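Values in this document were obtained by computation on a predicted structure and should not be read as measured data. Position 1 is the first residue of the sequence, and the numbers go up from there.
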Amino acid sequence: MLEHLLYLTWLIPFAPFLVFGFIYLMAALGWNLGQAAGHLSLIGVGISALLSVVIFADVSSGVALGPIEVVWVSFPSSGGPPLQYTMGLQFDHLSALVGMVVGILSFLITLYSLGYMRGDVGLHRYYAHISLFIGAMLGLVYSNNYLMMFIMWELMGLCSYLLIGHYNHKPEAAAAAKKAFLVTRIGDVSFLIGLVVIWNTFGTFQFSAIEQAVGGIKDTMLLAHIALLLFGGAVGKSAQFPLHVWLPDAMEGPTPVSALIHAATMVKAGVFLVARSYPLFVHADPIALTTVAWVGGFTAIFAASMALVFFDIKRVLAYSTLSQLGYMFLALGVGGYSAGIFHLMNHAFFKALLFMGAGACIHAVHSNDMRQMGGLFKKMRWTGLAMLIATLSISGLPLLSGWWSKDEILTDVLLSGVWHADILYFFGLFTAVLTAFYMFRLWFLTFWGTPSHHAEHAVEAPPTMVVPVVLLAIPAALSGLLAVYVLDLPDFLEASEGMAGELFFQLGAFGLGSVSLELAGQALGSVMALLGLYIAWVMYGRRYGKRNVEYLKDLGWAGVLYRTLWNRYYIDQLYVGFCTMVIVPFVRLQARFDQGGIDGLVNGIASAAFALGASLRRLQTGIVSHYAAMIVLGIVLIAVVGNAQTLAGFLDELARQNFGYGG
């Protein structure tokens, strides 16, 4: 069927783009579509989602064998090196899987927005920007070259700025939008430099051409530099350490935007970039994959630790996203290509559910503070049950979706040959304990016990919000099981993409003992998750009345640790201090040089010309005799200057004859 749909595939990214353009056109003509803009956005995203599901079905069933490219524009070189640029779409197993996930989640989040955003004064802006956001992510996923991917990458950066700052009357939202835009630009510069090096090295941006040519590049350090430059872009977009600071503050945007950013768009783009560039990483010097593994592993445990102390429900989920993205990069870094993408898919489903469920709770009690939410399960059973499933899944409890991919990641780390894999394995294992603890802390604080006075009048969210949440509970619970036993995801991703046998860190390095070691690792991961659940139950479930752990801040070293986590390791303050003490003085010095040096030189020349003109202007008297005298004087000067050598010779000869000396 895919071959018959190729002429419609352009609608996947462009259907939302067309909706964006139409909504803004109507607004420019004075027609504020309001809630109707939401229905238009839902139709556009629905078309994209439907086509993405059909493409995934064809690819997964084997109807489409090998990558299929739809080239829109091609710019061949007219001489010199054989450089060529093409723009179009690429349909392979990676893009089909991620595109299907993005399409389904974007549709459900847009449907959820119809209830959550009802009554907002800026509905036309919201739905226009969210359509552009979704179209850009789909364009990035299906693009067949790095340049088109970068264009869509930058569009998402713009949309994140517009959507995080949607409530532009709030200073916090405006500041968060600017922070997200500026911090991610740091990574984008790295990505852009990487594109320049790719063009100079391969003479093309096309993925298929680069994959064919990369094996012939003998300079592995050059490939490592390219890979690390691309990874720099991924660090910014996926908010990995040290560019993680923008994502928690991005919670100032509407909750559906948070769900989109964390589950379907934006932060997943960085993981997708590394996965799409995996042939470069595999053939590069080992330092490239090692860097990916260590950044991911450190971010996983680093972000999870900060989720332990916050009471803002969306901020806890934001740090959870940082941690889970770290898991994905850890998997890719140790050669676990399928494990990383597997976790991307599973995380997308349960994290979208968690954010949408959190939005329903916020909608009910009009507060983000979990201390004002307790006992909501008695008021919102559907939401509470769905979020419990997602909490169990992300915690890695056996047989739920998160368990399959998390344990595969830990196994890949354990069996890899990456530098100090034992430390990375500890990072991943301890993160599993922290994840289970802070997620069940969130659930107990929000849903367990007796309703607080803020939650006494809470009611279940409207159907447009509840239905997407309940529907997402199904893949949040079963996506791992289906991927392993129906899709056979490892073969689906690795063998089909030519990855089998090419992984640098070969799994199964322990030989015959690897099977028993893998089983032991899975059992240990599950035990750690249960341990985190038990600690959360003791602190927030069984002893429900003692939910506030802020008393720790006054208890010696525990207080120091608590305050450090609460202040996010003081990294934001460090960045502010660096900007205040280094960047701002440097910019001021640069401004002085620009104003006093560059502008001074330019303005000085202009002032001299003005003064000269003012002096010469005095000669314009309007008296004809003056002009005649100046004409005569000019003629004499021209004659003297033009015949200066002849005149000098004449005077010299005259002096010789009359006075007896000369030249």
Could you work out, with side chain to side chain contact (heavy atoms under 4.5 Å, CB included) as the rule, every residue matching H166, not counting sequence neighbours? M117, D120, R125, Y126, P254

Identify every side-chain donor-acceptor pair in residues 527-535 under 3.5 Å, counting partners at least two apart or on other chains, and give the distances.
none

With L589, which residues qualify under side chain to side chain contact (heavy atoms under 4.5 Å, CB included), at least two apart? none

Pairs meeting criterion salt bridge (charged side-chain N to carboxylate O under 4.0 Å, His left out) with involvement of residues 246-265, two or more places apart: K170-E252, K179-D249, D249-R315, D249-R568

Mind checking what makes side chain to side chain donor-acceptor pair (under 3.5 Å) contact with Y112, not counting sequence neighbours? none

Counterpart residues, side chain to side chain contact (heavy atoms under 4.5 Å, CB included), relative to T564 (two or more places apart): V560, Y569, Y570

Going by atom type alone, with no hydrogens or angles, which donor-acceptor pairs under 3.5 Å involve a side-chain atom of residues 359-369 and a protein atom two or more places apart or on another chain?
residue: S367; atom: OG; partner: D369; partner atom: N; Å: 3.1
residue: S367; atom: OG; partner: Q372; partner atom: OE1; Å: 2.9
residue: D369; atom: OD1; partner: R371; partner atom: N; Å: 2.9
residue: D369; atom: OD1; partner: R371; partner atom: NE; Å: 3.1
residue: D369; atom: OD2; partner: R371; partner atom: NE; Å: 3.4
residue: D369; atom: OD2; partner: R371; partner atom: NH2; Å: 2.9

Report the residues that fulfil side chain to side chain contact (heavy atoms under 4.5 Å, CB included) with F426, sequence neighbours left out, ordered by chain and then residue number. F430

Residue pairs, two or more places apart or on separate chains, that pass side chain to side chain donor-acceptor pair (under 3.5 Å) and touch residues 346-355: K268-H347, S320-K351, T321-K351, N346-S405, N346-S479, H347-K351

Sequence neighbours excluded - ring-ring contact (aromatic ring centres under 6.0 Å, His included) pairs with any residue from residues 238-274: F241-H244, F241-F298, F241-F302, H244-F302, H262-F355

Under the side chain to side chain donor-acceptor pair (under 3.5 Å) rule, what pairs show up with a residue in residues 580-592, not counting sequence neighbours? none

Compute the centroid of each ring, for Y319 and then for F310, and state whether the two points are separated by less than 6.0 Å. yes

Going by the rule side chain to side chain donor-acceptor pair (under 3.5 Å), which residues pair with S238 if we only count those two or more places apart in sequence or in a different chain? none

